> 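Following this message is one structure expressed as structure tokens.
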Amino acid sequence: MKILITGGAGFIGSHLVDKLLDEDHEVYVIDNLSTGSLENIRHNLENNHFHFVQEDICNYDVLYDLCSKCNLIFHLASSVGVKYIMDNPVKSLNSNILSSISIIKIAADLKKRIVVFSTSEIYGKNKSPELRENDDRIIGNSFRWSYSIGKAVAEYYCYAYGKEMDLDYVVIRCFNIVGPRQVGNYGMVLPRLVGQALRNEPMTVYDDGTQIRTFTHVSDLVNILCLIIENTETNKEIFNVGSSNSISIIDLANRIKAITNSLSEITFIPSREVFGSDFEDPKVRIPSADKILSIIGEYSFLDIDEIINNVVQYFIKTYNLEAKSIFEASLVSE
Ligand code: UDP
């Protein structure tokens, strides 16, 4: 197949590119490299089956042209991370709402199948220990919820074009996807804590660390995406994708500290100091994977220790030199 991936130079997108090229698809990527990176896709640039366009998805003509070339679209391009969204409000709203509406309409007009990436943030403050796809969205008032609302708008557009123009769509709600190439700059807890532990810096646990999350390795996500690509039962459906193995953030910090043999102290910081006084942090977020498993059959997700080990190996390989040069630079300035 010819497949377009918006945001294909990002953390998840670039892993999807690798997997689809491995499976002999022809892959087109559009990415403005705002939070993505050329380093994530550099190894594919010489591949004849890979085509990279550095452009913003707000460029309608380029987007339309790419969509018309492909049979399937994965729409990942989006502003990511709570911190990035709070710091870049206009850019985030534009990419999460305007661009999504635009590509969903193009897919409907051109009669292309589209997989739209949504988020566990959709459920907001719903504390259910097993979030199901039709559960309530409980959203607060502050700007912090704009990401959740933007993704909900994209989901509604899928539904609307599905109903009126028979758009063939699948919505994937990702739950804390982690793995190599994810950077901690935009909030993501696991790469942040791994980086801090490896540098023996204080490990920043927000509030009391009793927040519960599940962590899913990006390789599991892309495996599942490949299993559903041509499955017609997924048409016009919404799926949670995430493992149900939950862990509190303080336990996560302790696991990372133990695995890296780190000298770091674990520090507790009020999240409102980091994100502002009206910030709200969902206390618990655990998916029910029943619906996706009913389509793909049994699936065994990597567990948290395997995930941490894999991210640690990636950090050691990728940032070794950088950590050393920061250390040397600080010696010089003294
Ligand atoms: N968190 C933390 N320390 C950090 C970054 C995040 O304790 O340095 C917490 C954050 O408050 C949240 C959880 O870790 O409760 C997961 O945060 P992340 O930004 O990775 O994803 P979210 O689930 O909030 O989308």
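Read the numbers this way: they start at 1 and go in the same order the structure lists the ligands and their atoms. Given the structure is predicted, the values throughout are model-derived calculations rather than measurements. Computed from heavy atoms alone, side chains included, the values below leave out hydrogens, waters and symmetry copies. Numbers here are sequence positions counted from 1.
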> Check whether the side chains of S288 and R132 place a donor and an acceptor atom closer than 3.5 Å, and report yes or no.
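Yes, R132 and S288 have a side-chain donor paired with an acceptor closer than 3.5 Å.
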> Could you pull out all residues at least two apart from S246 that satisfy side-chain contact (heavy atoms from CB on, under 4.5 Å)?
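Here the qualifying residues are I212, T214, I286.
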> If the criterion is any heavy atom closer than 4.0 Å to an atom of ligand 1, which residues make the list?
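Within the 4.0 Å shell of ligand 1, which is judged on heavy atoms, sit N176, G187, M188, V189, R192, T204, V205, Y206, Q211, R213, I249, D281, R285.
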> Got a sec, which residues hit side-chain contact (heavy atoms from CB on, under 4.5 Å) with I97, two or more places apart in sequence or on another chain?
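So I97 forms a side-chain contact (heavy atoms from CB on, under 4.5 Å) with L93, I101, V153.
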> Can you tell me how the ring of F50 sits relative to the ring of F52, calling it parallel under 30°, perpendicular over 60° and tilted otherwise?
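Ring orientation, 0 to 90° scale: parallel.
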> Tell me which one of I238, L76, L225 satisfies side-chain contact (heavy atoms from CB on, under 4.5 Å) with I172.
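Filter result, single survivor: L225.
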> Only pairs at least two apart or in different chains count here, so list each ring-ring contact (aromatic ring centres under 6.0 Å, His included) that has a residue in residues 230-282.
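Every pair satisfying ring-ring contact (aromatic ring centres under 6.0 Å, His included) with a residue in residues 230-282: Y206-F275, F275-F279.
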